[in-house]
Amino acid sequence: MNPIAEVWFFNQGWQPHGFQKETWKAIATGRSGLLNAPTGFGKTFALWFGILQHYYEDKHFRRQQQKFKTTKLHALWITPLRALSKEIYKATQELSAELELDYRIELRTGDTTIAQRQKQRKSPPQALITTPESVHLILASKGAADYFKHLEFIVVDEWHELMGSKRGVLVELALSRLKAINPKLKIWGVSATIGNLEEAQEILLGKDHNGVLVRAQIQKKLSIETVFPDNLERFPWAGHLGIKLLDKVVDIVNRYGTTLIFTNTRSQAEIWYQHIITAYPEFAGLLAIHHGSLSDEIRQWVEQALHEGKLKAVVCTSSLDLGVDFRPVNCVVQIGSPKGIARFLQRAGRSGHRPYETSHIYYVPTNSLEIIEGDSLKYAVAHHIVEQRIPYIRSFDVLLQYLTTLAVGDGLEAHVVFEEVKKTHCFESITEDEFAQCMAMLVHGGKSLSAYPDFHRLVLVDGLYKVESRKLAMRHRLSVGAIVSDLMMRVKFMSGKYLGSIEESFISRLKAGDVFWFSGRQLELIQVRNIEAIVKPSTRRTGVVPSWMGGRFSISPDLGIAIRHSFSHIRKRTGKSDEIKFLQPLFKEQENRSGLPQEDELLVEYIHTKYGYHLFVYPFEGKLVHEGVAQVLAYRFGKIQPVTFSIASNEYGFELLSATPFSIDQALITELLSPKHLHKDITEGINVQEMARRRFRDIAGIAGLVFQGYPGKQMKSKHLQANAGLFFSVFEDYDPHNLLLRQAYDEVFDFQLEEGRMQRAFDRISSHRIVLTFPEKLTPFAFPIFSESFRERYSNEDWQSRLETLKLQLEGKFE
DNA sequence: GACCTGCTGCGGGTTG
């Protein structure tokens with residue numbers, strides 16, 4: 001038994017688990033590894049003990065025998081959140097104090113003051129707790145290699161969270177450098193359970209690693225309950241708010257000590273908060289709200305109050321998904337579909353955050369059909385179905401940033417760094433030629449920008465590429481990182497009248513002439529100019545594009561599988577779960593009006609209403625895929641018959657709506673849904689170029705092509721003119737093989753259109769038997785999709801103002 | 001007849 005741990009555990013009155021001993025042993029024998037264990041079982045301590053043991057030469061460490069002293073950085077702990085860094089810092093401070101260790105642990109994030117940073121440079125602590133971005137910032141300073149030379153351990157916390165994003169690429173690249181500086185570096189990762197844990201390990205530790213995978217053999221106890229409405233008849237067929245079940249949620253809150261109420265959107269959180277306070281004024285002061293639009297102060301106040309057990313409940317969004325552990329929380333409520341199994345589990349795990357305590361989660365459906373997800377979630381959890389995290393590959397934007405980082409720091413030797421980079425998972429396939437292209441872009445702007453001196457950034461000095469301009473170096477440090485916030489576009493009439501702002505990601509998907517809803521008006525897009533969308537009022541009925549949203553919020557493929565599984569039970573009448581029994585009347589209705597699809601069937605409904613001619617299709621593939629499938633279908637249809645469609649979709653299916661009748665039969669549907677020539681039809685049927693252009697903005701920002709401006713300062717530089725859109729056009733015209741340009745298109749196909757998933761969906765559908773019905777009225781399946789297209793969109797002004805009043809209320813609390 | 005969808009995360013500073 002690890003002697004330091006012994007002391008600690010003795011003092012705590014704890015019994016160490018098998019996985020902790022396994023971790024210590026692995027670390028003691030000089031191995032790297034990945035640790036997977038449920039939250040609340042002391043993963044963090046397990047790793048710290050191993051690291052500390054290594055630090056003290058004397059294996060039989062006792063207080064009086066501290067003899068290892070150094071001013072060298074010994075361990076680096078990377079977390080994805082500043083708040084998490086602080087949490088780990090606090091815990092380790094306590095530990096150090098308890099054991100009277102001579103081991104200095106410090107924090108280094110964006111919050112760290114300049115003075116502290118300077119001190120850390122001069123006399124490094126033994127351990128540094130930090131973020132991926134801050135590690136890159138250290139790499140971007142002189143003497144970085146020296147600073148990291150004695151580093152023995154690196155821990156990447158919540159690796160599953162980083163891996164699926166470009167921040168994961170930042171970590172991969174930093175590791176490649178640190179490993180090169182010190183080949184004996186031991187890497188440890190901490191990951192929640194995901195579908196591809198082995199892959200996660202391989203990406204972190206590198207190919208041919210001989211690290212261990214420590215899996216705790218502890219099953220966290222989890223209780224899942226669906227909250228049912230009193231009767232199905234009075235429960236809405238559509239909608240996503242769930243406020244009808246307010247009283248039942250309050251009942252749950254009353255039964256537990258502290259409850260987190262998760263909603264899917266910020267506005268939904270606001271609405272729930274208001275409704276609870278209005279209906280139950282006794283909750284004033286005991287109920288709080290937490291999401292990304294609130295100020296840091298409010299959020300910190302809420303977190304602190306949660307810690308201290310002062311709150312009865314907090315209504316929140318994903319902002320409380322991760323990180324800080326709130327011991328008093330012993331119940332979680334999920335309003336609406338959690339959209340993914342991993343996220344559902346993650347949220348459930350926010351409660352009962354102690355060994356052997358049960359996590360309680362209540363699932364609150366917001367419309368009739370959604371009730372079924374209660375059954376699907378239980379099925380998925382019971383069968384250990386969890387999503388994978390898909391790592392980014394070939395993110396040349398991050399590579400360009402990284403190369404600049406090195407050049408700002410100690411300077412880089414191209415062929416050395418090429419070999420290092422090639423060992424990462426992300427750039428496994430990079431060729432010498434591609435790397436040379438990257439270098440060329442940094443040295444003289446590459447093929448198309450060499451005429452501009454601003455893009456001659458790297459200079460070769462004694463075999464090392466360096467950034468010599470202090471201005472450029474400074475600017476680079478400011479823009480380190482891979483998080484790009486969504487741009488807001490100003491919506492304006494031709495006269496110049498300003499209507500409001502809207503996510504650029506939405507506008508970028510429209511073509512001139514498309515009609516959309518905004519702030520309660522129906523508008524036609526005339527043109528997009530820089531960051532302005534010029535529109536005019538429209539009354540046109542057809543061609544309305546209600547939304548091509550959902551870029552990020554579709555249900556996961558795995559939850560989709562679980563939902564399809566639940567549906568298969570309904571038709572076969574094998575479902576024994578409460579959810580399926582409860583929904584019988586609804587499905588009866590569906591069957592009477594149209595039909596219920598089996599697992600190997602695809603239901604298609606053709607319905608004529610006063611609004612037009614609707615074609616409803618139900619593949620159960622998630623909203624994102626449905627949007628794409630619908631576009632392709634509409635495009636293919638348009639080539640056969642002259643019909644204009646508007647499109648709507650939800651998690652279960654999609655709708656093509658036309659003002660004019662069209663003819664349809666089984667054979668035609670089969671043909672329209674053929675998986676053949678899919679790539680071609682996507683490219684032609686969807687405005688891929690515009691999507692790539694929008695994607696390119698992020699890429700250009702990360703790559704350092706466009707400078708985002710000094711924080712808090714107005715950007716005056718002429719670089720503003722050289723915006724991403726311009727680069728995109730230049731590359732399209734003069735450098736079509738540009739790596740960043742190609743990356744933009746790849747990302748569109750991989751992440752936005754999810755071409756792979758779409759292809760699989762088409763493949764699956766093509767093997768299904770098509771059941772075509774002609775119902776007289778809208779069916780329970782059709783109604784939610786139908787209502788989707790008749791909703792006002794983007795009138796989020798009123799919840800913004802609600803937000804303001806709330807802020808005022810909360811601020812009153814501070815006094 | 002039923003309908004208020006769209007999250008989160010990070011981030012300057014020594015060559016006087």
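Every chain is numbered from 1 and lettered A, B, ... according to where its sequence line falls, protein lines coming before strand lines.
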- Message: At less than 4.0 Å, is any side-chain N or O atom of Arg470(A) found next to OP1 or OP2 of dG12(B)? Yes or no.
- Response: no
- Task: Looking only at side-chain atoms of Thr265(A), point me to the closest of dG13(B), dG11(B), dC7(B).
- Result: dC7(B)
- Message: Of the options dG9(B), dT14(B), dC7(B), whose atoms approach the side-chain atoms of Arg121(A) most closely?
- Response: dT14(B)
- With syn defined as a glycosidic torsion within 90 degrees of 0 and anti otherwise, which applies to dG12(B)? syn
- Query: Looking at the side chain of Arg108(A), which of dT14(B), dG13(B), dT15(B) is the nearest nucleotide?
  - Reply: dG13(B)
- Query: If you look at every strand shown and take non-hydrogen atoms under 4.0 Å, does Lys777(A) touch a base, only sugar-phosphate, or nothing?
  - Reply: nothing
- Round to a whole Å and report the spacing from OH of Tyr147(A) to C1' of dT14(B). 15 Å
- Have Thr109(A) and Thr131(A) got a donor and an acceptor in their side chains that come within less than 3.5 Å? no
- Arg343(A) side-chain proximity, nearest of dC7(B), dC3(B), dG9(B): dC7(B)
- Query: Of all the nucleotides listed (dG6(B), dG9(B), dC4(B)), which has the minimum atom distance to the side chain of His275(A)?
  - Reply: dC4(B)
- Message: Mind checking if Ser134(A) touches a base, just sugar-phosphate, or nothing, with heavy atoms under 4.0 Å?
- Response: sugar-phosphate
- Query: Could you give the CE-to-P distance, from Met163(A) to dG9(B), as a whole number of Å?
  - Reply: 21 Å
- Task: On DNA chain B, check which nucleotide each of Ile138(A) and Gly292(A) is closest to and give me the residue with the more 5' one.
- Result: Gly292(A)
- Note on the structure: In whole angstroms, the gap separating P of dG1(B) from CD of Glu589(A) amounts to 12 Å
- Query: If you look at every strand shown and take non-hydrogen atoms under 4.0 Å, does Gln116(A) touch a base, only sugar-phosphate, or nothing?
  - Reply: nothing
- Task: Would you mind reading off the distance between Met474(A) atom CE and dG11(B) atom C1', rounded to a whole angstrom?
- Result: 12 Å
- Note on the structure: Separation of dG6(B) atom C1' from Glu370(A) atom CD, nearest Å, is 13 Å
- Item | Arg167(A) side chain near dC10(B) phosphate (N/O to OP1/OP2, under 4.0 Å) | no
- Message: Categorize Arg234(A) for me: base, sugar-phosphate, or nothing, with a 4.0 angstrom heavy-atom threshold over every strand shown.
- Response: nothing
- Query: Rounded to the Å, how far apart are Asp321(A) CG and dC7(B) P?
  - Reply: 13 Å
- Using a cut-off of strictly less than 4.0 Å, decide whether Lys244(A) has a side-chain nitrogen or oxygen near OP1 or OP2 of dC3(B). yes
- Message: Is the phosphate of dA2(B) approached by Ser368(A) (side-chain N or O, under 4.0 Å from OP1 or OP2)?
- Response: no
- Query: Using a cut-off of 4.0 Å on non-hydrogen atoms, how would the nucleic acid contact of Ser141(A) be classed: base, sugar-phosphate, or nothing?
  - Reply: nothing
- Looking across every strand, which nucleic acid part, if any, lies under 4.0 Å from Arg347(A) by heavy atom: base, sugar-phosphate, or nothing? nothing
- Query: In terms of ring plane angle, is the pair Phe228(A) and Phe582(A) parallel, tilted or perpendicular, where the classes change at 30° and 60°?
  - Reply: tilted
- The nucleotide from dA2(B), dC3(B), dG13(B) with an atom nearest the side chain of Ala238(A) is dC3(B)
- In terms of side-chain heavy atoms of Lys142(A), which of dG6(B), dT15(B), dG12(B) is nearest? dT15(B)
- Task: Tell me which nucleotide among dA2(B), dC10(B), dG12(B) gets nearest to the side chain of Leu137(A).
- Result: dG12(B)
- State, yes or no, whether a side-chain contact exists between Arg695(A) and Met691(A) at a heavy-atom distance under 4.5 Å. no
- Message: Please evaluate residues Arg389(A) and Glu161(A) with respect to the criterion side chain to side chain contact (heavy atoms under 4.5 Å, CB included), reporting the C-alpha separation (whole Å), side-chain torsions for both, the decisive distance (0.1 Å), and the verdict.
- Response: CA-CA 8 Å; Arg389(A) 299 280 170 142; Glu161(A) 199 58 40; 3.8 Å; yes
- Most 5' of Ile483(A) and Leu778(A) on DNA chain B, judged by nearest nucleotide: Leu778(A)
- Task: Select base, sugar-phosphate, or nothing to describe what Ile243(A) touches, counting heavy atoms under 4.0 Å on all strands.
- Result: nothing
- Length of the CZ-C1' vector between Arg477(A) and dG11(B), whole Å: 13 Å
- Message: Using a 4.0 Å heavy-atom cut-off, does Gln118(A) contact any base of the nucleic acid, only the sugar-phosphate backbone, or nothing at all?
- Response: base
- Indicate whether any N or O donor in one side chain lies under 3.5 Å from an N or O acceptor in the other, for Glu303(A) and His290(A). yes
- Query: Under 4.0 Å between a side-chain N/O of Arg117(A) and OP1 or OP2 of dG13(B), yes or no?
  - Reply: yes
- Quick one: sort the Phe616(A) and Tyr618(A) rings into parallel, tilted or perpendicular, breaks at 30° and 60°. parallel
- Please state whether the base of dC7(B) and the side chain of Ser318(A) form at least one donor-acceptor pair under 3.5 Å? yes
- Task: Using only side-chain N and O atoms of Arg475(A), determine if any of them is under 4.0 Å from OP1 or OP2 of dG12(B).
- Result: no
- Query: Going by distance alone, is a donor N or O of one side chain under 3.5 Å from an acceptor N or O of the other, for Glu373(A) and Ser337(A)?
  - Reply: yes
- Measure up the Phe620(A) and Phe781(A) rings against each other and bin them: parallel (under 30°), tilted (30 to 60°), perpendicular (over 60°). perpendicular
- Item | For atom CG of Leu241(A) and atom C1' of dG6(B), their distance in whole Å | 13 Å
